[in-house]
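Heads up, the thing below is written out as structure tokens.
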Amino acid sequence: MEGKGTPWHPHRGFETVTYIIDGAFQHQDTSGGGGLISDGATQWMTAASGIQHIEQPPPELVAKGGLFHGVQLWVNLPRSQKWVPPRYQDIEARDVKLVAADDGSSLVRVIAGSVAGYDGPGVTYTPINYLHATVAPGARLALPWPRDFNALVYVLSGRGTAGVEEIALDEGQMAAFGGSHHKGAGDGLLLRAADVQPQASANGWEILVLGGLPLREPVARYGPFVMNTREEIVQAFEDFQAGRMGTIPAERVPHLSSADEPLE
């Protein structure tokens, strides 16, 4: 499979969260930000009021080939935060909080949010959990989870089941937990890896566990923009076409390291 990345394109109204598990990805934007994301690192880009960027694999990876495995999550911003200035968080693999299950059968990487009292380095505008878990074959993982959060489980590789109903999930599939996801599990999510895993997932079931406090606001989405109304989408296109979402090059936008305080 040939990886070409994307051409220059704009965003407004949300955040792109790029998590590179294996390999590397280059990023550049119209505010002079960006860099190389590789091997367990995450770039949390708050597009917010508007920015243009380009995302591509490094030239050497295109020329020679190689392993590349990553995920990009779009995180909606609440109405009150859609117009804040763009910013970055560069989260290296070493910054991520690692939490082991009591029996040692599962490893949970907390990229943002909190699980069992362990906080991840990601700074979010609304309460969000973003976790990557490896569950050993046949092992059961009970994750503490706030009752007022929604919850999704996406399978990166391997197979297992989700919920007390033990809904089967294979690679590339996703489960959304409903209002009864706590039933029988206290305040938590129940996940179980299949006893036998595919050869490529010999170490266990690899899953992303995502969720947060619902915004309960109207969503208007078209192309690279996520706003609250159709009028705001039209305005976003007009602003982009008028050159009001950055030019190449410009000044760097603020970056947050794992040790920084949130920007107000």
Side-chain angles (χ1 to χ4, degrees), residues 1-75 77 84-98 107-113 119-125 128 130-134 154 156-157 200 203 206-208 210 224 245-263:
M1 180 177 178
E2 185 178 2
K4 294 183 177 179
T6 69
W8 285 97
H9 60 282
H11 287 307
R12 171 179 282 176
F14 67 104
E15 303 176 292
T16 61
V17 181
T18 307
Y19 176 39
I20 300 300
I21 301 164
D22 296 295
F25 214 46
Q26 286 182 334
H27 173 267
Q28 184 182 359
D29 70 79
T30 49
S31 293
L36 187 69
I37 321 166
S38 63
D39 298 332
T42 301
Q43 183 192 75
W44 200 298
M45 185 186 87
T46 303
S49 59
I51 200 169
Q52 295 181 58
H53 73 162
I54 186 170
E55 303 159 296
Q56 296 177 319
E60 58 271 18
L61 186 64
V62 175
K64 299 179 181 178
L67 183 65
F68 176 80
H69 189 197
V71 179
Q72 187 174 91
L73 174 71
W74 286 20
V75 178
L77 287 170
V84 300
R87 78 175 185 198
Y88 286 94
Q89 297 173 70
D90 296 318
I91 303 170
E92 298 295 335
R94 64 178 178 270
D95 300 327
V96 172
K97 178 65 70 175
L98 301 178
L107 178 67
V108 179
R109 302 160 188 85
V110 186
I111 297 170
D119 299 332
V123 176
T124 65
Y125 279 101
I128 293 168
Y130 187 16
L131 318 175
H132 172 195
T134 304
Y154 176 77
L156 297 167
S157 65
N203 291 331
E206 300 282 353
I207 54 176
L208 295 180
L210 318 166
M245 289 192 188
T247 56
I248 307 169
E251 297 178 0
R252 291 182 66 85
V253 300
H255 279 243
L256 290 182
S257 70
S258 59
D260 289 334
E261 293 296 324
L263 295 180

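Put simply, OH on Tyr130 and OG1 on Thr124 are 13.5 Å apart, with the number rounded to the nearest 0.5 Å. The CD atom of Gln89 lies 10.5 Å from the CG atom of Asp95; values are rounded to the nearest 0.5 Å. In this structure, Glu206 CD and His69 NE2 are separated by 8.5 Å, a value rounded to the nearest 0.5 Å. Met45 CE to His11 NE2: the interatomic distance, rounded to the nearest 0.5 Å, is 5.0 Å.
When side chains are defined from C-beta on, Val84 counts as touching Tyr125, because their heavy atoms get closer than 4.5 Å. Side-chain contact between His132 and Val71 is absent, with no heavy-atom pair separated by less than 4.5 Å. Using a 4.5 Å heavy-atom threshold, the side chains of Ile207 and Tyr154 count as separate. You'll find the side chain of Thr46 reaches within 4.5 Å of the side chain of Leu77, heavy atoms only. Inter-residue side-chain proximity for Trp44 and Val123 is flagged as unmet; no heavy-atom pair is nearer than 4.5 Å. Residues Leu156 and Ile21 have side chains in contact (heavy-atom distance under 4.5 Å, counting atoms from C-beta outward). Residues His9 and His53 are in side-chain contact: their nearest non-hydrogen atoms beyond the backbone lie under 4.5 Å apart.
Nearest heavy-atom pair, Pro85 versus Ser49, reported as atom, atom and distance to 0.1 Å: CA-OG, 4.0 Å. Closest non-hydrogen pair, Leu36 versus Ala24, comes out as CD1-CB, 3.9 Å. Here the closest non-hydrogen pair linking Gly120 and Lys97 is CA-CB, 4.4 Å. Between Pro121 and Val110, the shortest heavy-atom contact is CD-O, 3.4 Å.
Applying the side chain to side chain contact (heavy atoms under 4.5 Å, CB included) rule to Leu107 yields the partners Leu98, Arg109; only residues at least two apart in sequence or on another chain are considered. Residues forming a side chain to side chain contact (heavy atoms under 4.5 Å, CB included) with Asp39 (at least two apart in sequence, or on another chain): none. Applying the side chain to side chain contact (heavy atoms under 4.5 Å, CB included) test to Pro10 and every residue at least two apart in sequence or in another chain returns Gln52, Pro224, Phe225, Phe240, Met245.
The only member of Val96, Leu208, Ile37, Ile91 that meets side chain to side chain contact (heavy atoms under 4.5 Å, CB included) when paired with Tyr19 is Leu208.
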Verdict with supporting geometry, Leu73 and Leu210, side chain to side chain contact (heavy atoms under 4.5 Å, CB included): CA-CA 10 Å; Leu73 174 71; Leu210 318 166; 4.0 Å; yes
